[in-house]
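Encoded as structure tokens, the structure appears first; notes follow it.
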Amino acid sequence: MSSNIQLATVGGGCFWCTEAIFHEVRGVENVVSGYSGGLAPGHPTYREVCSGLTGHAEVVQITFDSNVISFEDILIIFMTTHDPTTLNRQGADKGTQYRSVIFYHDEIQKGIADKVIDDLSGLYDNPIVTEVKPLERFYEAEGYHQEYYNNNPSQGYCNYVITPKLAKFRKMHHSKLKP
């Protein structure tokens with residue numbers, strides 16, 4: 001990987017929502033839905049992660065060009081497109097797999113994550129509960145989870161949850177959208 005191509009791994013509730021947002025961000029080359037942060041051995045399945053027993057969170061791994069968008073901007077978009085103040089929950093989705101988390105890839109990312117959380121804390125009425133942890137392992141989710149919104153735009157969850165979230169994102173971060 002060239003020095004300007006970097007990875008970010010974040011979880012902000014259902015990975016379908018987060019993935020749909022980052023597919024539209026200028027400088028993002030790829031977004032993969034997956035699981036991270038758990039202790040269960042082996043490659044977890046969606047059913048196992050949803051049980052809450054693996055300790056994994058639903059996450060996306062974002063490949064981005066840092067000459068186009070910074071890690072800080074990736075995190076600002078992430079932190080402002082989900083509710084980082086709710087513990088183990090996003091909307092109707094409840095459980096530790098839906099926690100707000102930033103998995104950093106190096107100490108520089110950790111410092112940026114801590115700074116972004118501190119800088120954004122005044123935007124919210126409640127304290128930010130987003131975890132900041134080192135990435136130990138990323139497991140790619142099953143194929144049917146990849147590009148879920150793009151492949152299932154008329155599905156109920158997409159219509160009622162993801163589409164409004166995308167509209168808010170586009171309005172709030174219009175300068176960061178792909179042409």
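- For Ser51, there are no side-chain hydrogen bond (donor to acceptor under 3.5 Å, both in side chains) partners, not counting sequence neighbours.
- Of the possible polar contacts, none joining the Thr18 side chain to the Phe15 backbone as a donor-acceptor pair under 3.5 Å is found.
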Going by atom type alone, with no hydrogens or angles, which donor-acceptor pairs under 3.5 Å involve a side-chain atom of residues 136-143 and a protein atom two or more places apart or on another chain?
{"from": "Glu142", "atom 1": "OE1", "to": "Tyr35", "atom 2": "OH", "distance (Å)": "2.5"}
{"from": "Glu142", "atom 1": "OE2", "to": "Tyr46", "atom 2": "N", "distance (Å)": "2.7"}

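- More than 12 heavy atoms of other residues, nucleotides or ligands sit less than 6.0 Å from atom CG of Leu177.
- Put simply, the side chain of Val31 does not reach to within 4.5 Å of the side chain of Gln61, judged on heavy atoms.
- Side-chain contact check for Asp119 versus Val116: every heavy-atom pair is 4.5 Å or farther apart.
- Residues Met172 and Tyr149 are members of separate hydrophobic clusters, defined by side-chain heavy-atom contacts under 4.5 angstrom among Ile, Leu, Val, Met, Phe, Trp and Tyr.
- A side-chain hydrogen bond (donor to acceptor under 3.5 Å, both in side chains) check over residues 95-105, counting only residues at least two apart or in different chains, returns the pairs Thr9-His105, His82-Ser100, Arg99-Glu131, Ser100-Thr130.
- Separating the CG atom in Leu7 from the OG atom in Ser66 is a distance of 11.0 Å, to the nearest 0.5 Å.
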- Task: Test side-chain contact (heavy atoms from CB on, under 4.5 Å) on Tyr124 and Thr80 and set out the steps.
- Result: CA-CA 10 Å; Tyr124 301 97; Thr80 57; 4.2 Å; yes
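- Side-chain atoms of Ile21 and Leu166, non-hydrogen and from C-beta on, do get closer than 4.5 Å to each other.
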- Message: Show, in sequence, the C-alpha distance, side-chain angles and deciding distance for Val161 and Cys17, and conclude whether the side-chain contact (heavy atoms from CB on, under 4.5 Å) test is met.
- Response: CA-CA 8 Å; Val161 177; Cys17 296; 3.9 Å; yes
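- Counting heavy atoms from C-beta on, the side chains of Leu135 and Ser36 come closer than 4.5 Å.
- Ile76 is connected to Phe78 through a chain of hydrophobic side-chain contacts under 4.5 Å among Ile, Leu, Val, Met, Phe, Trp and Tyr, so both are in one cluster.
- To the nearest 0.5 Å, atom CD1 of residue Ile102 and atom CG of residue Asp114 are 8.0 Å apart.
- Atom-to-atom distance recorded for His56:NE2 and Cys50:SG is 12.5 Å, nearest 0.5 angstrom.
- The salt bridge (charged side-chain N to carboxylate O under 4.0 Å, His left out) check on Asp106 picks up nothing, with sequence neighbours excluded.
- To the nearest 0.5 Å, atom OG of residue Ser70 and atom CG of residue Leu75 are 8.5 Å apart.
- Scanning for salt bridge (charged side-chain N to carboxylate O under 4.0 Å, His left out) contacts around Glu72 gives Lys115, with sequence neighbours left out.
- Take Lys165 and apply the salt bridge (charged side-chain N to carboxylate O under 4.0 Å, His left out) test, not counting sequence neighbours, and it matches no residue.
- The neighbour count for Lys171 NZ, taken as heavy atoms of other residues, nucleotides or ligands under 6.0 Å away, does not exceed 12.
- Pairs engaging residues 153-179 under the ring-ring contact (aromatic ring centres under 6.0 Å, His included) rule: Trp16-Tyr157, Phe169-His173 [sequence neighbours left out].
- Residues passing the side chain to side chain contact (heavy atoms under 4.5 Å, CB included) test with Asn151 are Glu147, sequence neighbours excluded.
- With hydrophobic clusters built from ILVMFWY side chains whose heavy atoms lie under 4.5 angstrom apart, Val32 does not share a cluster with Val28.
- Here the CD atom belonging to Gln6 is positioned 8.0 Å from the CG atom belonging to Asn4, to the nearest 0.5 angstrom.
- Side-chain contact between Val10 and Val101: absent, with no pair of heavy atoms (C-beta onward) separated by less than 4.5 Å.
- For the atom pair NZ (Lys178) and NE2 (His23), the distance works out to 7.5 Å, reported to the nearest 0.5 Å.
- The minimum heavy-atom distance linking Ser33 with Val60 is given by the pair OG-CG1, 4.0 Å.
- Closest heavy-atom contact between Cys158 and Pro153: CB-O, 3.8 Å.
- Across Ile162 and Ala20, no two heavy atoms sit closer than the pair CG2-CB, 3.8 Å.
- Residue Phe103 is not grouped with residue Ile108 when hydrophobic side chains (ILVMFWY) are merged at heavy-atom distances under 4.5 angstrom, including chains of intermediate members.
- Within the structure, salt bridge (Lys or Arg N to Asp or Glu O under 4.0 Å) pairs that include any residue of residues 23-39 comprise Glu24-Arg170 (at least two apart or interchain).
- Within the structure, salt bridge (Lys or Arg N to Asp or Glu O under 4.0 Å) contacts touching residues 77-97 (residues at least two apart or in different chains) do not occur.
- Partners of Ala8 according to the side chain to side chain contact (heavy atoms under 4.5 Å, CB included) rule, which considers only residues two or more places apart in sequence or in another chain, are Ile62, Phe64, Phe71, Ile74.
- A continuous path of Ile, Leu, Val, Met, Phe, Trp and Tyr side chains, each step under 4.5 Å between heavy atoms, connects Phe22 with Leu120, placing both in one hydrophobic cluster.
- A salt bridge (Lys or Arg N to Asp or Glu O under 4.0 Å) check over residues 37-66, counting only residues at least two apart or in different chains, returns nothing.
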- Task: Under the side-chain contact (heavy atoms from CB on, under 4.5 Å) rule, what do Leu39 and Thr54 come out as? Steps first, then yes or no, please.
- Result: CA-CA 6 Å; Leu39 299 174; Thr54 67; over 6 Å; no
- Task: Could you walk me through whether Ile77 and Val25 pass side-chain contact (heavy atoms from CB on, under 4.5 Å), step by step?
- Result: CA-CA 9 Å; Ile77 291 168; Val25 175; 4.0 Å; yes
